[in-house]
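Source: prediction; values computed, not measured. Reminder, nothing fancy here: chain letters follow the sequence lines and each chain counts from 1.
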There are 2 protein chains.
Amino acid sequence: MVESSGLPADAFCAKCPTRQVLDHIAGKWTVLIVDALLSDGTMRYTELARRIEGVSQKMLTQTLRALETDGFVTRTVHPTSPPHVDYTLTPLGHSLAEPITALRRWTETHINDIERARAAARPLPPTGAGLR
Amino acid sequence: MVESSGLPADAFCAKCPTRQVLDHIAGKWTVLIVDALLSDGTMRYTELARRIEGVSQKMLTQTLRALETDGFVTRTVHPTSPPHVDYTLTPLGHSLAEPITALRRWTETHINDIERARAAARPLPPTGAGLR
DNA sequence: CCGAATCCTGATAGATACTG
DNA sequence: CAGTATCTATCAGGATTCGG
């Protein structure tokens, strides 16, 4: 597996472009956006905003633009009033959707085990999950 | 699939614990750490630091602790001098490794398509994908 | 009204230095 | 060796604003 700069794709190497892409994909909202578009086909901006609870307009726009430049979604503006913007997955986006859906599914399936592990790990967690 | 609080697991719902877990898993370093532990079995702190280029000590520690409380890795301290700490995947961690590895593999496989899309999208920045 | 850009502020990642 | 403490740069989120 060799990419255009002639080096092997290796996500463990900080320099490899794979790393940047992985960082995008691993982003908080990417999983949910791609997943939503996979199940619904084409969605409008506000449909996505409503579907993905808790996302801000800023992050939604920002993530969608990143997905667009990476070639995962296409953005179609209908010059109507009120404005109408459609987002849909490209073939590349569809192929990305597979591992991404697998990840969300895994999480939903194993949430019980994880919550049990959390309870067992720390019998008294007040706040601040990280180290501080 | 119903979790302990009696609600269906739904990552699209902001309240669902699945969301928090997904945020962890989708974190920048989690993918690389779990993946490294999968291939190497057991690794020491500095082995992980060396393997995963670009990770800071802070983020490595923080991510490892999160993985530990979520039940994905076990942390074993050998009371020797110098200190010796081993990290290894739990069975739950192993099962998580499958979708995570799939994601990294996908990225490494499709990096060509993505870079092509990026070049086509805008003759400008690769990483500054945010809106400005 | 929808989609998005801007400004402001609190949280978070990262670099560096220090410690048992 | 394996972290911790601290400081700083960066980024996410909220509110507001704007253009069609």
Inset, instruction - Answer yes or no: are there more than 12 heavy-atom neighbours, outside B:R105 itself, under 6.0 Å from its atom CZ? - result: no
Inset, instruction - For B:E98, check side chain to side chain contact (heavy atoms under 4.5 Å, CB included) against everything at least two apart and list the hits. - result: none
Inset, instruction - Would you confirm whether B:T63, through its side chain, and B:L60, through its main-chain N or O, come within 3.5 Å as a donor-acceptor pair? - result: no
Legend entry - B:T101 and B:D35 side chains, donor-acceptor separation under 3.5 Å: yes
Inset, instruction - Take atom CG of B:L60 and atom C1' of C:dA13, then tell me their distance rounded to the nearest Å. - result: 14 Å
Inset, instruction - Output yes when at least one side-chain N/O atom of B:R75 is less than 4.0 Å from OP1 or OP2 of D:dA2, else no. - result: no
Legend entry - Heavy-atom closest contact (B:G93 atom, B:V34 atom, distance): O-CG1, 4.3 Å
Inset, instruction - Residues of residues 27-37 of chain B with any non-hydrogen atom less than 4.0 angstrom from an atom of DNA chain C: list those, numerically ordered, please. - result: B:K28, B:W29
Legend entry - Partner set under side chain to side chain contact (heavy atoms under 4.5 Å, CB included) for B:R116, not counting sequence neighbours: B:N112, B:D113
Inset, instruction - Would you check if there is a donor-acceptor pair between the side chains of A:T76 and A:Y87 at a distance under 3.5 Å? - result: no
Inset, instruction - Taking the side chain as every heavy atom from C-beta outward, state whether B:V55 and B:L48 have any atom pair closer than 4.5 Å. - result: no
Legend entry - Pair B:D10 + B:R19: basic N to acidic O under 4.0 Å: no
Legend entry - Distance, rounded to the nearest Å, where B:M59 contributes CE and C:dA11 contributes C1': 13 Å
Legend entry - B:I100 vs B:L38, side-chain contact (heavy atoms from CB on, under 4.5 Å): CA-CA, chis, key distance, verdict: CA-CA 10 Å; B:I100 277 195; B:L38 179 66; over 6 Å; no
Inset, instruction - Grab the CD-P distance between A:E68 and C:dG3 for me, whole Å please. - result: 15 Å
Inset, instruction - Return yes if some donor-acceptor pair links the side-chain N/O of B:T30 with the main-chain N/O of B:H24 below 3.5 Å, else return no. - result: yes
Legend entry - Distance in angstrom units between A:H84 NE2 and C:dA4 C1', rounded: 16 Å
Legend entry - Residues A:E108, A:R104: salt bridge by 4.0 Å N-O rule: yes
Legend entry - Donor-acceptor under 3.5 Å (A:T80 side chain, A:P83 main chain): no
Legend entry - Check ion pair A:R44-A:D86 (N to O, under 4.0 angstrom): no
If you restrict it to nitrogen or oxygen atoms, what contacts under 3.5 Å exist between nucleotides 14-20 of chain D and the protein, and what is each distance?
none

Inset, instruction - In whole angstrom, give the distance that lies between atom CG of B:D23 and atom P of C:dA13. - result: 11 Å
Inset, instruction - Output yes when at least one side-chain N/O atom of A:R65 is less than 4.0 Å from OP1 or OP2 of C:dA5, else no. - result: yes
Legend entry - Interatomic distance, A:L64 CG vs C:dG3 P [rounded to whole Å]: 11 Å
Legend entry - Between C:dT6 (P) and A:Q62 (CD): distance, integer Å: 12 Å
Inset, instruction - Take the C1' atoms of the five end pairs on each side of the helix from C:dC1-D:dG20 to C:dG20-D:dC1, derive the two axes, and give their angle rounded to 10 degrees. - result: 30°
Legend entry - Selection: residues 43-53 of chain B, any non-hydrogen atom under 4.0 Å of DNA chain D: B:R44, B:Y45, B:T46
